[in-house]
Asker: 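Dropping a structure here in structure tokens format, bear with me for questions.
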Amino acid sequence: MFQVNHVTKRYGKLAANQDITFSVGDGDIAVLIGPNGAGKSTIIKCIAGLLRFEGDIDICGYPNKTPQAKSLLGYIPEMPAVYDLLTVEEHMEFIGRAYSLSDWQSEAERLLDRFELTDKKGKLGKELSKGMQQKLSICCAILHRPRVVIFDEPMVGLDPHAIKELKNLFQEMKADGASLLISTHMLDSVEDYWDTAHIMMNGEIAATKHNHGDSAAVGESEESLEELFFRITEAPQASQKGGDVR
């Protein structure tokens, strides 16, 4: 699991994230949704240890910038982060050696085959299309079987087969007890598999909704995630307050 406690990120006088607190348990899938500019990518980068921030973030009990936390974390950025002059196969070898994995080759082969990259093993990173770079980025991020995985707009640029495999991967990781956080502004891409949804506006979590799997058991609110999203994001500025919708 991982926990985000009272995290604020400022750029000068601008608060890109303001006092954000939430957690994702073992075997849970949380989604972070909101319009462009809501602060989703900023909190993602804070969790991944790429930005300085005020507050605390723990990965499986370790502060997020420690080596122990980084060894348990997988991060897929919005823009694919591949090395121009490494081949697809060399990317996988680099990750395997970086994490001192003992049997990375067979897992690498399985992932490359699953995301239809086997015939691209000899291609350099700069020779790949954006979609292929995204698939390679996913393979690299999960090769070491992390216990916490963060996806920032993971389906952008992916073909239908890759989207199907990625959604299957979400369910497999959930069943294995991993904690997943998926950031997106595309509601239809997350509607089938989330446990908790956090709606962000203006750098804050404006509402949280829990998926009980049975619409009759929603409790206080029977709004769909889409209805809640538009009510929050289209509301006047004065009414955008944090809340918990169950």
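As a basis for the values below, the full set of heavy atoms in this structure was taken, side chains included, without hydrogen atoms, waters or symmetry mates.
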Asker: Considering only residues two or more places apart or on different chains, which pairs with a residue in residues 96-110 satisfy side chain to side chain donor-acceptor pair (under 3.5 Å)?
Answerer: Glu93-Arg97, Asp103-Ser106, Glu107-Arg110, Glu107-Arg145, Glu109-Lys121
Asker: From Ile44 CD1 over to Ile182 CD1, what is the distance, rounded to the nearest 0.5 angstrom?
Answerer: 9.5 Å
Asker: May I ask you to test the Val24-Leu180 pair for a side-chain heavy-atom distance under 4.5 Å?
Answerer: no
Asker: Quick one: side-chain hydrogen bond (donor to acceptor under 3.5 Å, both in side chains) partners of Asp176, sequence neighbours excluded?
Answerer: Arg147
Asker: Start with the C-alpha distance between Glu204 and Asp19, add both sets of side-chain angles, then the distance that settles side-chain contact (heavy atoms from CB on, under 4.5 Å), and finish with yes or no.
Answerer: CA-CA 7 Å; Glu204 302 180 1; Asp19 195 29; over 6 Å; no
Asker: Can you name the closest pair of heavy atoms from Cys46 and Asn64 and give their distance?
Answerer: O-ND2, 2.8 Å
Asker: Taking Ile29's backbone N and O only, do any of them form a donor-acceptor pair with Asp195's side chain (distance below 3.5 Å, no angle check)?
Answerer: yes
Asker: Could you go through Val88 and Met132, starting from their C-alpha distance and side-chain angles, then the distance that decides it, and tell me whether this counts as side-chain contact (heavy atoms from CB on, under 4.5 Å)?
Answerer: CA-CA 10 Å; Val88 168; Met132 290 180 183; over 6 Å; no
Asker: Looking only at heavy atoms, which two atoms of His91 and Leu86 are closest? And how far apart?
Answerer: CE1-O, 3.3 Å
Asker: Under the criterion side-chain contact (heavy atoms from CB on, under 4.5 Å), which of Glu78, Gln134, Met79 is the partner of Glu153?
Answerer: Glu78
Asker: Please give me the minimum heavy-atom distance between Ala48 and Lys70, naming the atom from each residue.
Answerer: O-NZ, 4.0 Å
Asker: Any side chain to side chain donor-acceptor pair (under 3.5 Å) involving residues 43-63? Give me the pairs, sequence neighbours left out, ordered by first then second residue.
Answerer: Arg10-Glu54
Asker: Taking C-beta and beyond as the side chain, do His144 and Ser71 meet within less than 4.5 Å on heavy atoms?
Answerer: no
Asker: Measure from the side-chain N and O atoms of Lys174 to the backbone N and O of Gly27, and report whether any donor-acceptor pair falls under 3.5 Å.
Answerer: yes
Asker: Quick one: closest heavy-atom pair of Pro154 and Leu158, and the distance?
Answerer: O-CD1, 3.3 Å
Asker: Say whether Asp152 and Ser41, considering side chains only, have a donor N or O and an acceptor N or O under 3.5 Å apart.
Answerer: yes
Asker: With ILVMFWY side chains joined below 4.5 Å, transitively, what does Leu51's cluster contain besides itself?
Answerer: Tyr11
Asker: Would Phe230 and Ile232 show up in the same hydrophobic cluster when neighbours are defined by side-chain heavy atoms closer than 4.5 Å?
Answerer: yes
Asker: Going by heavy atoms in the side chains, are Val7 and Ile57 under 4.5 Å from each other?
Answerer: yes
Asker: Determine whether Thr87 and Lys120 make a side-chain contact, defined as any pair of heavy atoms from C-beta on separated by less than 4.5 Å.
Answerer: no
Asker: About how many Å separate CZ of Phe115 and CG of Leu166, when rounded to the nearest 0.5 Å?
Answerer: 5.5 Å
Asker: Can you confirm whether Thr21 sits close enough to Asn5 that some side-chain heavy atom of one is under 4.5 Å from a side-chain heavy atom of the other?
Answerer: yes
Asker: Just wondering, do Leu72 and Pro146 contact through their side chains at under 4.5 Å, heavy atoms?
Answerer: no
Asker: Counting C-beta onward and ignoring hydrogens, is there a side-chain heavy-atom pair between Thr184 and Ile33 closer than 4.5 Å?
Answerer: yes
Asker: Would one find more than 12 heavy atoms of other residues, nucleotides or ligands at under 6.0 Å from atom NZ of Lys65?
Answerer: yes
Asker: Would you check, one step at a time, whether the test side-chain contact (heavy atoms from CB on, under 4.5 Å) holds for Val148 with Ile47?
Answerer: CA-CA 10 Å; Val148 171; Ile47 297 169; 5.7 Å; no
Asker: For the residue pair Met201 and Thr233, what are the closest heavy atoms and their distance?
Answerer: SD-CG2, 3.7 Å
Asker: Nearest 0.5 Å, what's the OG-OH distance between Ser137 and Tyr75?
Answerer: 9.0 Å
Asker: Could you report the tightest heavy-atom contact between Ile59 and Ala69, atom names first, then the distance?
Answerer: CB-CB, 3.7 Å
Asker: Please identify each residue that fulfils ring pair (Phe, Tyr, Trp, His ring centres under 6.0 Å) with Tyr193, with sequence neighbours left out.
Answerer: Phe170
Asker: Give me the other members of the hydrophobic cluster that Met1 sits in, counting Ile, Leu, Val, Met, Phe, Trp and Tyr linked by side-chain heavy atoms under 4.5 Å, directly or via other members.
Answerer: none
Asker: Once rounded to the nearest 0.5 Å, what's the spacing between atom CG of Leu32 and atom CG of Leu181?
Answerer: 5.5 Å
Asker: Quick one: pull up NE2 in His210 and CH2 in Trp194 and give me the separation to the nearest 0.5 Å.
Answerer: 9.0 Å
Asker: Quick one: are Asn17 and Phe53 in side-chain contact, heavy atoms under 4.5 Å?
Answerer: no
Asker: Does Lys40 use its side chain to pair, donor to acceptor, with the backbone of Met200 at less than 3.5 Å?
Answerer: no
Asker: Please determine whether side-chain contact (heavy atoms from CB on, under 4.5 Å) holds for the pair Met92 and Leu136, giving the CA-CA distance in whole Å, both sets of side-chain angles, and the decisive distance to 0.1 Å.
Answerer: CA-CA 9 Å; Met92 303 305 281; Leu136 178 57; 4.2 Å; yes
Asker: For the OG1 atom of Thr66 and the CD atom of Gln68, what is their distance to the nearest 0.5 Å?
Answerer: 4.5 Å
